[in-house]
Amino acid sequence: MASLQGKKILLGITGSIAAYKAAFFVRLLVKQGAEVRVIMTPAATSFVGPVTLSTLSKNPVITGLTEGNEWSNHVALGLWADAMIIAPATAHTIAKMAAGLADNMLQAVYLSARCPVFIAPAMDLDMWQHPATRHNVAKLVQFGHHLIQPDTGELASGLTGQGRMAEPEQLIRILEDFFAKRQSLKGKTVLITAGPTYEPIDPVRFIGNRSSGKMGIALAREAARRGATVELILGPSSQKMDHPAVHVTRVTTAEQMLQAAQTYFPQADITILAAAVADFRPEVTAPQKIKKQKGQDTLTLQLVKNPDIAATLAKDKKSGQLLIGFALETHDAIANAKKKLVAKGFDFIVLNDLQDPGAGFDHDTNKVRFLFKDNKAQEFQLKHKQQVAADIFDAIEDLTQSDP
Ligand code: C5P
């Protein structure tokens with residue numbers, strides 16, 4: 001059976017020279033058995049003709065908010081699709097999607113679509129690197145959309161750099177992969193800890209760390225995408241998680257995080273500890289704001305050890321349960337991570353080295369290495385945290401398949 005048999009794909013084409021590749025893409029989609037509806041922005045029609053696309057897709061192409069005297073029903077189209085893909089997506093369309101504008105049919109359909117959305121950007125390298133585009137792309141990823149990174153190579157401008165739309169064959173592979181994995185964790189429960197912990201010194205101060213919670217949230221989103229039920233225990237983070245399949249428990253301190261984790265751990269098939277937990281907390285929390293005294297030059301805080309959530313859960317781990325941890329190291333990264341893998345009873349550990357630019361706290365990207373119990377290792381390029389999350393779940397699924 002063709003891999004995308006019966007899948008309803010809504011393709012949005014915007015005004016980029018890469019629009020010519022959309023014709024090949026439609027042909028491949030139809031060959032794979034997909035039903036394809038095409039929406040073009042007015043600018044896209046200058047690059048490729050609607051007749052070509054309607055012939056290839058075997059459906060009329062929609063270009064305006066009205067067709068003749070009739071209103072085009074953008075809501076119905078948005079509900080019809082199993083997936084929407086915007087290829088090529090210009091910097092302008094990406095900005096409009098991030099801002100929620102609806103000044104053409106493609107934007108109106110996008111805003112009313114309930115299906116997963118894929119974005120294949122195409123633009124000049126400087127437009128792709130511009131802080132405005134970086135900000136808008138990050139927002140779309142935060143919305144839960146799938147970003148298909150542009151390739152690096154020769155661009156229409158004559159410059160060389162990142163900005164070429166991914167090739168149609170690659171877009172097909174990504175859609176196939178998505179539909180194959182969509183239900184791969186159905187029936188499984190995934191427990192994730194994320195974010196920092198804050199350990200109160202007094203009512204206004206705390207001991208904390210720079211963890212943003214972004215990696216854990218990306219993991220929760222990926223698990224939900226694969227059909228799992230997700231328990232996310234989130235420390236004080238400004239990040240928001242709003243997904244019907246993700247139940248969020250907000251906590252502040254390590255002790256609260258442990259308590260919440262212990263509540264959900266017995267039912268969890270897969271537990272990923274992505275939180276940066278404070279190792280120590282003040283022995284006592286002052287009931288009132290601590291005031292500096294006249295002539296006082298030092299202040300001593302007595303700290304006591306926090307519980308190790310990973311090690312505590314590992315003691316109750318049953319066969320079939322998977323436990324995955326993170327390590328963020330500033331020196332002797334591999335040796336330290338290996339020690340943690342063993343000491344905390346992890347099935348594998350995700351190491352991110354602070355020396356890698358773009359990796360670790362508060363970045364949208366991360367560069368990781370997986371270290372397994374059997375001494376195997378897997379190393380990855382710098383990627384968006386959402387793609388790192390997908391790599392982590394691919395490794396988890398490989399482990400469950402090889403160890404039934
Ligand atoms: O902080 P550390 O490098 O030891 O963290 C390694 C792993 O252990 C991480 O997965 C972290 O979430 C987990 N951890 C924990 N409880 C702690 C400290 C760390 O679960 N008190």
Side-chain angles (χ1 to χ4, degrees), residues 190-200 206-220 223 230-237 239 249-266 268 270-283 303-317 321-356 359-362 366 368-373 385 388-389 391-393 395-396 399:
V190 176
L191 169 63
I192 296 166
T193 66
T197 65
Y198 286 177
E199 311 297 333
F206 57 83
I207 295 174
N209 61 66
R210 297 182 202 282
S211 167
S212 63
K214 285 180 183 170
M215 191 63 241
I217 284 180
L219 285 163
V230 186
E231 291 295 343
L232 174 67
I233 301 169
L234 183 59
S237 154
Q239 303 291 308
T249 305
R250 299 292 304 226
V251 295
T252 305
T253 65
E255 286 183 305
Q256 291 166 358
M257 189 172 272
L258 172 65
Q259 204 181 14
Q262 283 181 311
T263 305
Y264 297 109
F265 184 66
I270 299 157
T271 299
I272 308 178
L273 301 172
V277 185
D279 288 327
F280 293 92
R281 66 176 184 277
E283 186 170 30
L303 302 181
V304 292
K305 203 154 186 240
N306 259 334
D308 190 309
I309 300 169
T312 311
L313 297 182
K315 281 194 205 123
D316 296 328
K317 191 180 153 198
Q321 280 188 308
L322 284 179
L323 190 61
I324 291 98
F326 273 75
L328 193 142
E329 304 293 335
T330 52
H331 58 280
D332 296 335
I334 296 180
N336 282 329
K338 274 189 179 158
K339 271 189 216 150
K340 275 181 196 166
L341 172 75
V342 177
K344 302 198 187 216
F346 291 138
D347 291 280
F348 73 91
I349 194 158
V350 181
L351 166 64
N352 35 106
D353 194 329
L354 267 188
Q355 282 159 4
D356 282 318
F361 286 150
D362 210 28
N366 209 356
V368 300
R369 183 195 294 257
F370 300 165
L371 303 174
F372 295 87
K373 280 194 297 196
K385 283 185 173 166
V388 175
D391 290 336
I392 291 172
F393 278 104
I396 290 171
L399 274 185

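Note that these values count all heavy atoms, side chains included, but never hydrogens, waters or copies made by symmetry. Ligands are counted one by one from 1 in listed order, and the atoms in each one are counted from 1 as well.
Taking a cutoff of 4.0 Å between a charged side-chain nitrogen and a carboxylate oxygen, Asp279 and Lys305 do not qualify as a salt bridge. Ionic pairing of Lys339 and Asp332 is not present here: no N-O contact between side-chain nitrogen and carboxylate oxygen is shorter than 4.0 angstrom.
Applying the 6.0 Å contact sphere to CD of Gln259 captures no more than 12 heavy atoms from other residues, nucleotides or ligands.
Short contacts between ligand 1 and Lys340, defined as distances under 4.0 Å to a heavy atom of the residue, involve ligand atoms 2 (P), 3 (O), 4 (O), 6 (C). Short contacts between ligand 1 and Gly325, defined as distances under 4.0 Å to a heavy atom of the residue, involve ligand atoms 10 (O). Near Ile309, meaning under 4.0 Å from one of its heavy atoms, ligand 1 places the atoms 15 (C), 16 (N), 17 (C), 20 (O), 21 (N). Atoms of ligand 1 lying under 4.0 Å from any heavy atom of Ala275, numbered from 1 in the order shown and given with element: 11 (C), 12 (O).
Using a 4.0 angstrom heavy-atom cutoff, Asp308 counts as in contact with ligand 1.
In terms of protein heavy atoms, atom 20 (O) of ligand 1 is closest to Ala310 N, 2.9 Å. With hydrogens left out, the protein atom closest to atom 1 (O) of ligand 1 is Asp279 OD1, 4.3 Å, a heavy atom. Among all non-hydrogen protein atoms, the one lying nearest atom 18 (C) of ligand 1 is Val277 CB, 3.7 Å. Residue, atom and distance of the protein heavy atom nearest to atom 9 (C) of ligand 1 are Phe326 O, 3.1 Å. Regarding atom 14 (N) of ligand 1, its nearest protein heavy-atom neighbour is Lys344 NZ, 3.8 Å.
Of the listed residues (Ala343, Pro307, Ala254), the one carrying the non-hydrogen atom nearest atom 21 (N) of ligand 1 is Pro307.
Classified by interplanar angle (parallel below 30°, tilted 30° to 60°, perpendicular above 60°), the ring pair Phe348/Phe372 is tilted.
Within the 4.0 Å heavy-atom criterion, neither part of Ala276 lies near ligand 1.
Checking Leu219, Leu351, Ile349, Thr193 one by one against Phe326, the side-chain contact (heavy atoms from CB on, under 4.5 Å) holds for a single residue, Leu219.
Distances between N or O atoms of Leu273 and those of ligand 1 include at least one value under 3.5 Å. Inclusion of Ala278 in the set of residues having an N or O under 3.5 Å from an N or O of ligand 1 is not warranted.
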